[in-house]
Amino acid sequence: MKNDVEKILFTKEEISEKVKYLANQIKCAYEGKNPLILCILKGSLIFTADLVRELDFPCTIDFMQVSSYGSGSETTGKLKIKKDMDSDVNGRDVIIVEDILDSGVTLSNLLPEIKRRGAKSVAVCVFLNKPERRIAEINADYIGYDIENEFVIGYGLDYDEKYRNLPYVGVLKRSVYEK
Ligand code: IMP
Ligand code: MG
């Protein structure tokens with residue numbers, strides 16, 4: 001796996017500090033509100049697991065796996081729910097946790113659905129953000145790092161389902177996907 005990494009962007013230690021920083025921000029806004037932490041599978045599995053362990057107040061956790069129909073260049077699309085959550089979000093303060101905000105199409109389709117189900121509030125927390133790539137109108141409330149337009153792997157992020165278990169975030173060598 002290591003041989004496919006061009007360079008390391010964020011080490012395990014840096015990630016750990018960043019997660020604490022994000023958790024602290026969330027704590028200030030949500031303590032006492034029993035928010036629903038919505039982990040978007042599969043990429044944010046590891047980020048969510050780390051984040052919730054830094055939240056020292058009551059919250060509940062649920063999972064969704066989603067994607068969007070339509071071509072990659074469309075700003076609108078239809079939400080495709082591969083796995084839905086069990087929770088009733090009606091009246092809940094929901095925090096969507098995502099690995100990376102790229103085009104924004106997925107989240108811009110998911111957000112209205114969560115609101116439609118009656119959530120009291122919906123916030124977005126992403127570990128990584130690629131502002132340059134945005135085509136849908138969406139912003140995150142909590143952002144770990146803004147990064148350049150490079151394909152990254154590790155800390156939950158995959159290429160072809162591989163590299164999710166790397167403990168750091170790295171840039172994938174072009175030679176891996178330009179074969
Ligand atoms: P979007 O914001 O709708 O374009 O989609 C975001 C999703 O695309 C993320 O949840 C990731 O699964 C995937 N993705 C986008 N950029 C990267 C990357 O650099 N590495 C790995 N996955 C990525
Ligand atoms: Mg992916």
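First listed ligand is number 1; within each ligand, the first listed atom is number 1.
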- Message: One residue to check: Leu157. Relative to ligand 1, which of side chain, backbone, both or neither has a non-hydrogen atom less than 4.0 Å away?
- Response: side chain
- Query: Any N/O of Val152 closer than 3.5 Å to an N/O of ligand 1?
  - Reply: yes
- Do Tyr30 and Asp93 have side-chain N/O donor and acceptor atoms under 3.5 Å apart? no
- Task: Check ligand 1 against Lys130 and write out every atom of the ligand that is under 4.0 Å from a heavy-atom position of the residue.
- Result: 16 (N), 17 (C), 18 (C), 19 (O)
- Message: Please find the pair of heavy atoms, one from Cys125 and one from Leu51, that lie closest to each other, and give the distance.
- Response: SG-CD2, 4.2 Å
- Query: Where's the contact between Glu150 and ligand 1, heavy-atom distance under 4.0 Å: side chain, backbone, both or neither?
  - Reply: backbone
- Message: I'd like to check which ligand 1 atoms, numbered from 1 as shown, lie under 4.0 Å from a non-hydrogen atom of Glu98.
- Response: 10 (O)
- Item | Numbered atoms of ligand 1 (with element) below 4.0 Å of Phe151, judged on heavy atoms | 17 (C), 18 (C), 19 (O), 20 (N), 21 (C), 22 (N)
- Task: Between Asp99 and ligand 1, find which residue part has any heavy-atom pair under 4.0 Å and reply side chain, backbone, both or neither.
- Result: side chain
- Message: Considering Gly156, Ser103, Gly104, Gly43 one by one, which has a heavy atom nearer to atom 4 (O) of ligand 1 than any of the others?
- Response: Ser103
- Pair Phe10 + Tyr168: ring centers closer than 6.0 Å: no
- Message: Using a 4.0 Å cutoff against the non-hydrogen atoms of Asp158, which atoms of ligand 1 qualify?
- Response: 21 (C), 22 (N)
- Closest non-hydrogen atom pair, Val122 against Lys115: CG2-CG, 3.7 Å
- Task: List in chain and number order the residues that pass side-chain hydrogen bond (donor to acceptor under 3.5 Å, both in side chains) with Asp50, two or more places apart in sequence or in another chain; answer none if no residue qualifies.
- Result: Arg53, Tyr155
- Identify the two heavy atoms, one from Met85 and one from Met64, that lie closest to each other, and give their separation to 0.1 Å. N-CG, 3.6 Å
- Under 4.0 Å to a heavy atom of Thr106 - the qualifying atoms of ligand 1, by number: 1 (P), 3 (O), 5 (O)
- Identify, with sequence neighbours excluded, every residue that meets side-chain hydrogen bond (donor to acceptor under 3.5 Å, both in side chains) alongside Asp146. Asn129
